[in-house]
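Just so it is clear, the values below take in all heavy atoms, side chains as well, and ignore hydrogens, waters and symmetry mates. Heads up: numbering here begins at 1 and tracks the sequence.
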Amino acid sequence: MQTGKISEIAYKRSVLKKIRDKSENLQVGIDGAHMAIEDVTMVMSSNCILKWFLGCERYYLQKTLNDIYASGGIPKYVQLQINISNDFDEKQLGRIIKSFNEVVTEMKLKIQKCDVYAGNVDDLLIYVNVIGVSEKKFSLKDIKENTDIVMAGTIAIGTTSVLVNLCESRLREKFHDTFVDDCLEISEFTDVKKITDIAREQDILYMHHVSDGGVFAAAWEMASAVNLGIEIDIKKIPVWQETIEIAEVFDYNPYMTDGTGAVLIAVKDGTALVEKLKSAGIYADVIGHITSGRDRVVMNGDERRFLEPPRGDEIYNYLNRKGEMA
């Protein structure tokens with residue numbers, strides 16, 4: 001398997017088929033799990049840090065918060081589970097916990113639980129869990145054929161923000177300092193709270209955070225969640241030139257790598273939502289619609305091609321050899 005989220009086929013075959021009492025929260029394309037506890041509904045999401053790198057605490061926490069926001073929730077608490085090798089340096093562990101605490105505090109959250117296990121593992125693994133309170137729960141049954149798909153935010157924001165910070169010196173050798181400085185600011189756009197706050201004020205049906213695998217993966221997962229088809233126009237997808245330039249340097253497809261900071265939104269009137277988002281200074285456009293059947297299609301002018309199932313994320317190819325990139 002490729003590093004990152006396992007394929008939908010593997011997930012359905014080896015996860016869903018093995019769980020007898022299936023919650024709708026287990027569906028592909030659902031960012032957060034809603035749990036009703038008496039008169040309060042909680043929402044929970046998680047991510048796993050598969051490869052440690054400078055700034056990954058903030059990055060993965062933001063990814064998880066975005067899942068909560070896209071699920072109609074407000075994050076409250078953080079739980080960490082850390083797996084380390086038996087010979088892991090305790091001082092390094094302390095630095096990791098301190099760094100997490102600083103980021104969590106800055107984001108006005110609280111670490112509610114933190115478990116650390118030492119054992120026979122090859123690399124550091126950290127599971128970031130966030131629990132919040134649900135303000136709105138979306139019903140996928142309301143999504144029908146011809147429902148508009150709006151994308152708010154632009155492609156490859158997550159991967160761009162990570163690689164620019166890891167490879168700043170290399171990029172300054174290739175680009176003007178002003179361009180690199182602009183790229184470094186992209187990390188400020190990985191938070192989707194402003195997007196989801198505006199969206200929830202409109203008559204939206206569903207939101208899905210663009211994360212691992214990029215916008216193409218998010219579109220595929222959205223179609224899987226509603227069990228219908230989807231058609232998107234690649235020329236309508238919002239793009240920043242910076243994300244394209246960085247993708248060319250590292251030779252990856254920006255439509256197929258981490259888009260933390262962007263959201264796909266299913267809505268009846270996509271044009272009205274786009275106007276609201278743009279008036280707030282957010283890049284957005286109606287990029288497609290839900291279709292009958294099961295086809296997942298990308299249009300590029302007259303060219304029509306089918307999306308492929310998501311398989312990992314190319315960002316891990318670079319994180320695994322980050323020493324070569326700096």
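Within the 4.5 Å cutoff, no side-chain heavy atoms of Gln112 are placed close to those of Ile131. Val150 is not listed as a side-chain neighbour of Ile287, based on a closest heavy-atom distance of 4.5 Å or more. Side-chain contact between Val130 and Leu65 is present, with at least one heavy-atom pair separated by less than 4.5 Å. Annotation: side chain of Asn129 is not in contact with side chain of Thr64 (no heavy-atom distance under 4.5 Å). By the 4.5 Å heavy-atom criterion applied to side chains, Ser211 and Lys63 are counted as neighbours. Side chains of Tyr127 and Leu80 form no contact here, defined as non-hydrogen atoms less than 4.5 Å apart. Taking the side chain as every heavy atom from C-beta outward, Trp52 and Glu57 approach each other to under 4.5 Å. Taking the side chain as every heavy atom from C-beta outward, Ile230 and Val297 never approach each other to under 4.5 Å.
Arg58 is linked by a salt bridge (Lys or Arg N to Asp or Glu O under 4.0 Å) to Glu106, counting only residues two or more places apart in sequence or in another chain. With sequence neighbours excluded, no residue forms a salt bridge (Lys or Arg N to Asp or Glu O under 4.0 Å) with Asp302.
Atom CD1 in Ile74 sits 11.5 Å away from atom OG in Ser71 (nearest 0.5 Å). Remark: Gln92 CD to Ile84 CD1 distance equals 10.0 Å, nearest 0.5 Å. Of the inter-residue distances, the one linking Ile198 atom CD1 with Ile204 atom CD1 reads 11.0 Å to the nearest 0.5 angstrom. With rounding to the nearest 0.5 angstrom, the CE atom of Met256 is 7.5 Å from the CZ atom of Phe216. Note that CD of Glu245 is 8.0 Å distant from SG of Cys183, once rounded to the nearest 0.5 Å.
Side chain of Thr159 to main chain of Ala156: no donor-acceptor pair is present (N/O by atom type, distance under 3.5 Å, no hydrogens or angles). Asp313 places a side-chain N or O within 3.5 Å of a backbone atom of Gly213 that can act as its donor or acceptor partner. Within the 3.5 Å criterion, the main-chain N or O of Ser45 finds no donor-acceptor partner in the side chain of Asp67. Between the side chain of Ser99 and the backbone N or O of Arg95 there is no donor-acceptor pair closer than 3.5 Å.
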Item to check | Steps toward side-chain hydrogen bond (donor to acceptor under 3.5 Å, both in side chains) verdict (Thr190, Gln62) | outcome: CA-CA 7 Å; Thr190 55; Gln62 188 64 69; 4.7 Å; no
Item to check | Stepwise side-chain contact (heavy atoms from CB on, under 4.5 Å) test for Asn83 and Leu124 | outcome: CA-CA 6 Å; Asn83 295 350; Leu124 175 70; over 6 Å; no
Next on the checklist: Walk me through whether Thr291 and Glu145 qualify under side-chain hydrogen bond (donor to acceptor under 3.5 Å, both in side chains).
Outcome noted: CA-CA 5 Å; Thr291 63; Glu145 181 182 359; over 6 Å; no
Item to check | Working for salt bridge (Lys or Arg N to Asp or Glu O under 4.0 Å), residues Lys144 and Asp142 | outcome: CA-CA 6 Å; Lys144 310 294 183 185; Asp142 295 332; over 6 Å; no
Item to check | side-chain contact (heavy atoms from CB on, under 4.5 Å) evaluation trace for Ile195 with Phe189 | outcome: CA-CA 10 Å; Ile195 293 172; Phe189 295 89; over 6 Å; no
Next on the checklist: The test is side-chain hydrogen bond (donor to acceptor under 3.5 Å, both in side chains); show your working for Ser187 and Ser161 and say whether it passes.
Outcome noted: CA-CA 5 Å; Ser187 60; Ser161 67; 5.9 Å; no
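Closest non-hydrogen pair, Ala272 versus Asp269, comes out as N-OD1, 3.2 Å. A pairwise comparison of heavy atoms in Asn120 and Asn86 identifies N-ND2, 4.3 Å as the closest pair. In this structure, Asp177 and Arg172 approach most closely via the heavy-atom pair OD1-NH1, 3.1 Å. Arg304 approaches Phe306 most closely through the heavy-atom pair NH1-CZ, 3.7 Å. Closest approach of Ala280 to Lys194, counting heavy atoms only: O-NZ, 2.9 Å. Nearest approach of Ala199 to Met207, heavy atoms of both residues: CB-SD, 3.8 Å.
Pairs passing the ring pair (Phe, Tyr, Trp, His ring centres under 6.0 Å) check and including a residue from residues 262-289, sequence neighbours excluded, read Trp240-Tyr283.
Taking a 6.0 Å sphere around OH of Tyr77, one finds it holds 12 or fewer heavy atoms contributed by other residues, nucleotides or ligands.
The pair Asp197-Lys193 counts as a salt bridge, with a side-chain nitrogen and a carboxylate oxygen less than 4.0 angstrom apart. Contact check on Lys278 versus Asp285 returns no salt bridge, with no Lys/Arg side-chain nitrogen under 4.0 Å from an Asp/Glu carboxylate oxygen. Using a cut-off of 4.0 Å between Lys/Arg side-chain N and Asp/Glu carboxylate O, Asp148 and Lys268 are scored as not salt-bridged.
There is no path of hydrophobic side-chain contacts, each under 4.5 Å, that joins Val121 to Ile49.
Taking the centre of each ring, Tyr206 and Phe138 stay at or above the 6.0 Å mark.
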